[in-house]
Amino acid sequence: MQQPDSHRRAIEIFQDVLANVTQDQWTNATPCADWDVTALVDHVVTGNAWVQTVAGRQAAPVPPGNARAAFAISAAAAHDVFNAPEGLDRIYDLPFGQVPGSVFVTMRTNDLFTHAWDLARATGQSTDLDPEFAAGVLAANKDRVTDALRGPGNMFGDIQPCAEDRPVADKAAAFLGRVVG
């Protein structure tokens with residue numbers, strides 16, 4: 001799958017999980033320390049807006065108080081950045097250095113998919129999220145996520161155990177430090 005297509009698929013996966021969040025679940029704890037469901041969704045929306053800002057664009061305005069609409073609008077605008085003719089080739093200045101769009105879109109795709117898993121887990125939904133896509137995320141992370149990126153203060157936790165019979169999305173989450181149970 002081409003990178004913009006993968007990004008689009010990660011958006012769809014997150015959006016599908018988000019669509020099933022019920023009114024009483026917005027304050028549920030998530031696998032992300034200190035974040036409830038509302039904070040997790042806000043983080044993803046903010047990440048989408050950040051893509052636009054880093055690309056030198058004005059972040060798309062999102063309606064306050066409507067997390068689903070905010071996600072849809074911000075995700076579409078972020079996707080437009082990567083899907084632009086220069087979106088994957090240009091260099092983006094990120095807090096840790098300069099990266100080409102092909103790296104940045106992969107980071108955002110991973111973030112979307114991982115937080116879709118977090119959201120599913122927090123709201124009691126199935127974590128068996130698109131097995132083929134999840135296998136690709138897991139394989140890519142095994143190539144990129146090193147021990148230097150793990151542990152307190154880093155982007156990922158230590159690898160957690162995960163039974164072989166669990167969905168591949170659970171295996172991807174465990175690889176990134178999520179406790180899958």
Side-chain angles (χ1 to χ4, degrees), residues 1-21 26 30-32 35 37-120 122 129-130 132-146 148-149 154-156 169 172-173 175-178:
M1 191 178 289
Q2 297 296 319
Q3 286 175 316
D5 294 336
S6 291
H7 185 253
R8 167 62 60 204
R9 183 64 189 129
I11 289 169
E12 292 167 353
I13 291 166
F14 189 93
Q15 201 155 23
D16 289 348
V17 176
L18 181 59
N20 291 309
V21 174
W26 290 100
T30 71
C32 302
W35 285 354
V37 168
T38 298
L40 182 135
V41 174
D42 287 347
H43 164 78
V44 173
V45 169
T46 300
N48 290 335
W50 179 58
V51 169
Q52 299 162 66
T53 302
V54 170
R57 297 181 181 188
Q58 177 90 18
V62 297
N66 187 335
R68 289 178 183 91
F71 174 76
I73 291 166
S74 68
H79 186 69
D80 286 346
V81 167
F82 295 126
N83 206 38
E86 77 288 353
L88 299 180
D89 297 325
R90 69 175 284 190
I91 301 299
Y92 296 87
D93 287 317
L94 303 183
F96 53 84
Q98 295 184 326
V99 298
S102 59
V103 171
F104 192 21
V105 72
T106 299
M107 292 168 48
R108 291 298 305 148
T109 299
N110 188 58
D111 195 60
L112 285 163
F113 183 78
T114 302
H115 288 315
W117 186 91
D118 293 332
L119 185 58
L129 308 173
D130 192 331
E132 183 178 343
F133 189 83
V137 168
L138 177 58
N141 281 327
K142 284 186 174 183
D143 287 342
R144 283 191 299 268
V145 178
T146 65
L149 297 174
N154 288 315
M155 293 172 29
F156 305 104
F175 183 79
L176 295 177
R178 270 48 175 191

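None of these values were measured; they are calculated from a predicted model. FYI, side chains are in, hydrogens and waters are out, and symmetry mates aren't considered; it's all heavy atoms of this structure.
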Practice task
For the pair I13 and L112, evaluate side-chain contact (heavy atoms from CB on, under 4.5 Å) and give the outcome as yes or no after the intermediate values.
Solution key: CA-CA 8 Å; I13 291 166; L112 285 163; over 6 Å; no

Problem - R8 and N83: CA distance, side-chain angles, deciding distance, side-chain contact (heavy atoms from CB on, under 4.5 Å) verdict - result: CA-CA 10 Å; R8 167 62 60 204; N83 206 38; over 6 Å; no

Problem - CD (Q58) with more than 12 external heavy atoms under 6.0 Å - result: no

Is the backbone N or O of [Y] less than 3.5 Å from a side-chain atom of [X], with the two atoms forming a donor-acceptor pair by type?
| X | Y | result |
| --- | --- | --- |
| Q3 | S102 | yes |
| R90 | G101 | no |
| S74 | A49 | no |
| R178 | T114 | no |

Using every non-hydrogen atom in the two residues, find where [X] and [Y] come nearest and quote the distance to one decimal.
| X | Y | answer |
| --- | --- | --- |
| P63 | I73 | CD-CD1, 3.6 Å |
| A70 | V62 | O-CG1, 3.6 Å |
| A59 | Q52 | CA-OE1, 3.2 Å |
| R57 | A77 | NH1-O, 4.3 Å |
| L129 | A116 | CD1-C, 3.9 Å |
| V81 | A55 | CG1-CB, 3.6 Å |

Exercise for the section: Take L94 and W50, measure what side-chain contact (heavy atoms from CB on, under 4.5 Å) needs, and give me the verdict at the end. Expected result: CA-CA 10 Å; L94 303 183; W50 179 58; 3.6 Å; yes

Exercise for the section: Specify whether F71 and F14 have parallel, tilted or perpendicular ring planes, treating 30° as the upper limit for parallel and 60° as the lower limit for perpendicular. Expected result: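 Geometry flag for F14 against F71: tilted rings.
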
Practice task
Anything under 30° is parallel, anything over 60° is perpendicular, the rest tilted; go ahead and classify H115 against H43.
Solution key: perpendicular

Pairwise side-chain contact, [X] with [Y], heavy-atom cut-off 4.5 Å (strictly under):
| X | Y | result |
| --- | --- | --- |
| F113 | S6 | no |
| V21 | V41 | no |
| W35 | D118 | no |
| L119 | T30 | no |
| T109 | V105 | yes |
| V103 | Y92 | no |

Hey, could you give me the [atom1]/[atom2] distance between [X] and [Y], rounded to the nearest 0.5 Å?
| X | Y | atom1 | atom2 | result |
| --- | --- | --- | --- | --- |
| T46 | D42 | OG1 | CG | 6.0 Å |
| M155 | M107 | CE | CE | 5.5 Å |
| D5 | F82 | CG | CZ | 14.0 Å |
| N48 | T53 | CG | OG1 | 11.0 Å |

Handout entry: Salt-bridge criterion met for R108 and D111 (N-O under 4.0 Å)
Key =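 Yes, R108 and D111 are salt-bridged.
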
Exercise for the section: Carefully, step by step, assess F175 and V137 under the rule side-chain contact (heavy atoms from CB on, under 4.5 Å). Expected result: CA-CA 10 Å; F175 183 79; V137 168; over 6 Å; no

